[in-house]
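Working notes for the structure below.
The analysis underlying the following values was restricted to heavy atoms, covering all of them including side chains, and did not include hydrogens, waters or symmetry mates.
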Amino acid sequence: VERELYWEACSVSMFSKQINKFINLKTAFEKKMLNHSYSDAMVILDEVKSRFGYSIWWIENTISFLEESEGLEKQKAFSTSITQNEDINP
């Protein structure tokens with residue numbers, strides 16, 4: 001157990017800058033959504049995808065963003081495109 005904890009601590013330490021950047025972007029996105037600053041929120045989503053690639057967080061928050069900012073039809077179209085995207089769902 002001790003070795004596993006050491007390995008985990010080393011892994012987190014190695015990626016601490018990336019983790020902190022993601023947390024900062026996530027927090028900024030949440031604030032923009034609460035303030036209905038949708039264009040700024042979209043910029044943040046684009047940056048998250050650009051820096052970190054596809055992730056569950058990005059997909060879930062893009063779905064929420066689209067439903068809130070552009071409506072259910074845009075959200076459904078995005079959800080369909082994600083399931084057909086070979087980069088995500090080979």
Side-chain angles (χ1 to χ4, degrees):
V1 171
E2 190 174 309
R3 289 174 65 143
E4 290 175 22
L5 289 174
Y6 177 76
W7 183 85
E8 290 291 330
C10 288
S11 296
V12 169
S13 178
M14 272 181 20
F15 296 104
S16 64
K17 287 182 183 177
Q18 292 94 332
I19 292 168
N20 284 328
K21 182 61 179 175
F22 173 77
I23 290 169
N24 290 336
L25 289 168
K26 175 185 175 288
T27 301
F29 173 78
E30 291 167 349
K31 287 178 182 177
K32 297 300 181 187
M33 289 298 289
L34 287 172
N35 292 324
H36 304 283
S37 300
Y38 297 126
S39 61
D40 293 337
M42 188 67 218
V43 169
I44 294 168
L45 283 173
D46 288 342
E47 184 175 352
V48 168
K49 183 179 158 203
S50 174
R51 284 178 175 264
F52 305 108
Y54 294 105
S55 67
I56 299 295
W57 183 90
W58 180 82
I59 293 169
E60 288 176 346
N61 284 280
T62 300
I63 289 169
S64 295
F65 166 82
L66 288 171
E67 185 170 353
E68 188 171 324
S69 66
E70 298 186 35
L72 186 59
E73 291 307 313
K74 290 278 188 176
Q75 178 265 323
K76 285 181 179 180
F78 173 77
S79 297
T80 300
S81 73
I82 286 295
T83 61
Q84 295 173 352
N85 186 326
E86 297 210 4
D87 290 335
I88 299 170
N89 197 11

Output yes when a side-chain donor or acceptor of Ser13 lies under 3.5 Å from a complementary backbone atom of Ala9, and no otherwise.
-> no
Thr62 side-chain N/O to Ile59 backbone N/O, donor-acceptor pair under 3.5 Å | no
Taking the inter-plane angle between the rings of Trp57 and Phe29 on a 0 to 90° scale, is it parallel (under 30°), tilted (30 to 60°) or perpendicular (over 60°)?
-> perpendicular
So, the side chain of Asn20 versus the backbone of Ser16: is there a donor-acceptor pair under 3.5 Å, distance only?
-> yes
Close side-chain approach of Glu68 to His36, heavy-atom, < 4.5 Å | yes
Would you check if Glu73 and Lys76 make a side-chain contact, meaning some heavy-atom pair closer than 4.5 Å?
-> yes
Nearest heavy-atom approach of Thr80 to Thr83 is O-OG1, 2.7 Å
Will you find, in the side chains of Tyr38 and Glu70, an N or O donor that is under 3.5 Å from an N or O acceptor?
-> no
To the nearest 0.5 Å, how far apart are CG in Leu45 and CE in Met33?
-> 8.0 Å
Any side-chain heavy-atom pair from Arg51 and Leu25 closer than 4.5 angstrom?
-> yes
Minimal heavy-atom distance between Ile19 and Val12, with the atoms involved, is CD1-O, 4.0 Å
Say whether Ile82 and Phe52 are linked into one hydrophobic cluster, either directly or through other cluster members, by side-chain heavy-atom distances under 4.5 angstrom.
-> yes
Treating Ile, Leu, Val, Met, Phe, Trp and Tyr as nodes and any side-chain heavy-atom pair under 4.5 angstrom as an edge, say whether Ile23 and Met14 lie in one connected cluster.
-> yes
Rounded to the nearest 0.5 Å, how far does OH of Tyr6 lie from CD of Glu2?
-> 11.0 Å
Check: Trp58 ring centroid to Phe78 ring centroid under 6.0 Å | yes
Check: Ser69 side chain, Phe65 main-chain N or O, donor-acceptor pair, under 3.5 Å | yes
Cut-off 3.5 Å, side chains only: do Glu60 and Ser64 have a donor facing an acceptor?
-> no
Is the number of heavy atoms from other residues, nucleotides or ligands under 6.0 Å of Leu5 CG greater than 12?
-> yes
